[in-house]
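A quick write-up on the structure given underneath.
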Amino acid sequence: MSALRWTSRRGRALAGEIRVPGDKSVSHRAVMFAALAEGTSQVDGFLEGEDTRATAAAFARMGVRVETPSPSRRIVHGVGLHGLRAADGAIDCGNAGTGMRLLAGVLAAQAFDSVLVGDASLSKRPMGRVIDPLAAMGASITAGDGGRPPLHVAGGRALRGIAYTPPVASAQIKSAVLLAGLYAEGETEVREVHPTRDYTERMLAAFGWPIAFGDGWAKLTGGHRLHATDVVVPADFSSAAFFLVAATLVPGSDLVLRAVGLNPRRTGLLEALRLMGADITEEGRSTQGGEVVADLRVRHARLRGIDVPVELVPDMIDEFPVLFVAAAAASGTTRVTGAAELRVKESDRIAVMADGLRALGVRIDETPDGAVIEGGRLGAGEVESHGDHRIAMSFAVAGLVAEGTIGIGDCANVATSFPGFVALANGCGFAIDAP
Ligand code: S3P
């Protein structure tokens with residue numbers, strides 16, 4: 001763990017127009033699918049984060065030429081579905097659950113053995129959720145203690161399609177199964193209890209793979225080809241989320257976020273904030289690479305607590321740390337339920353947010369699948385992000401309305417998803433000190 005400590009305190013009203021970096025989910029998939037396609041694909045708006053760079057590096061180590069002609073652009077010389085070769089040693093997925101789980105689906109079908117490792121946080125995260133369905137398809141993957149990384153993926157296995165319903169709402173599980181399904185004999189089908197982000201389905205179709213999908217289901221057969229295609233990555237809604245909450249909380253703010261990806265399976269926070277009283281409007285809707293994008297204009301508004309509708313949870317699963325901050329600054333009580341998945345993210349986000357908010361004087365009760373947060377004032381104090389990028393950025397938002405300075409420990413991992421966060425934030429009104 002790194003000792004990188006930030007401080008965040010009140011700044012000025014947030015104003016101006018900003019563009020947050022490219023979407024993490026789309027960037028991972030764009031590089032993966034381009035690598036497995038036949039021909040050369042260009043990816044524009046690629047997230048220059050540590051997570052997505054680790055995925056690009058993984059494919060480079062398996063023989064894929066990936067060029068970086070300029071920042072946020074990649075040219076990927078695809079090797080075709082069967083053109084990967086064994087990496088010379090373990091593949092490091094860094095902090096990225098998406099990278100490791102999707103790669104497990106691809107590597108389970110290769111002719112060679114692979115080993116996947118991750119950083120301290122990823123090494124604690126459950127992998128049984130992808131190993132189980134992949135094993136049912138014929139794969140052989142062994143994990144460390146308790147189904148955690150490292151993963152040893154045996155090659156040379158013939159896979160067969162399955163019909164699978166993941167036990168938890170997870171686009172990563174769905175995607176791992178569908179990717180293995182590209183190589184499987186027969187049909188692979190995933191049916192979800194709660195629909196999750198559908199980037200894998202949309203992008204497979206864009207790369208020319210026959211796939212049928214709708215809300216909460218997807219079906220494909222093995223044995224086709226992926227054809228190179230250019231991908232334009234929209235700005236990441238999850239990165240925009242910190243600014244949506246920040247500008248809502250700070251009086252006098254009026255901020256525009258340019259061209260944010262508004263895939264409906266990602267924008268649950270918009271609905272939750274609007275239920276709390278936020279003033280966020282969409283301007284200039286268009287489609288970019290098959291995804292809806294729009295500018296989001298956010299003006300200060302007073303928030304009130306809500307019971308977060310449980311059906312919104314999968315659509316805002318990455319946004320709960322900053323929602324907790326919004327709830328702590330709102331009037332009244334906010335209740336979160338049905339969100340046990342938060343306990344197995346980059347950190348246990350329920351416990352870590354509860355500890356941090358309590359250190360700032362907020363009344364918050366943890367439950368197994370959520371929390372009850374009493375809104376009111378946020379005090380000064382020291383909090384720990386436990387190396388979780390979204391927790392660090394969420395407490396930076398809290399600093400904007402706290403009664404004094406908030407010290408935030410262990411912030412280095414912000415670079416996994418949001419390089420340049422501090423400069424962008426300070427440029428529009430935050431007051432973060434980062435060494
Ligand atoms: C992601 C899916 C979600 C999300 C993660 C990215 C993806 O994880 O939390 O940040 O790109 O598929 P789960 O599948 O574990 O819900």
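Both ligands and their constituent atoms are indexed starting at 1 by order of listing. Hydrogens, waters and symmetry mates are skipped; everything else that's a heavy atom, side chains included, is used.
- Among protein heavy atoms, atom 14 (O) of ligand 1 sits closest to S170 OG, 2.6 Å.
- Taking any N or O of A171, backbone or side chain, at least one lies under 3.5 Å from an N or O belonging to ligand 1.
- Those atoms of ligand 1 that come under 4.0 Å of a heavy atom in I317, given as number and element, are 9 (O).
- Residue K345 approaches ligand 1 through these ligand atoms, each under 4.0 Å from one of its heavy atoms: 3 (C), 4 (C), 8 (O), 9 (O), 13 (P), 15 (O), 16 (O).
- What sits closest to atom 1 (C) of ligand 1 on the protein, heavy atoms only, is Q172 NE2, 3.5 Å.
- Protein heavy atom in closest approach to atom 12 (O) of ligand 1: R29 NH2, 2.6 Å.
- Applying the side chain to side chain contact (heavy atoms under 4.5 Å, CB included) test between L151 and each of I131, V115, T142 identifies I131 as the sole match.
- Within 6.0 Å of atom CD in E185, 12 or fewer heavy atoms from other residues, nucleotides or ligands are found, so the atom counts as exposed in its surroundings.
- Salt bridge annotation for R73-D44: present, with a cationic side-chain nitrogen under 4.0 angstrom from a carboxylate oxygen.
- Atoms of ligand 1 found under 4.0 Å from any heavy atom of S25, numbered from 1 in the order shown, are 1 (C), 6 (C), 7 (C), 11 (O).
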Practice task
Please lay out, stage by stage, how E201 and K174 fare under the test salt bridge (Lys or Arg N to Asp or Glu O under 4.0 Å).
Solution key: CA-CA 10 Å; E201 298 89 307; K174 171 176 64 178; 2.8 Å; yes
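- Judged by the shortest distance from any of its heavy atoms, K174 lies outside the 4.0 Å radius around the atoms of ligand 1.
- For R258 and E17, the salt-bridge test passes: some basic side-chain N is under 4.0 Å from an acidic carboxylate O.
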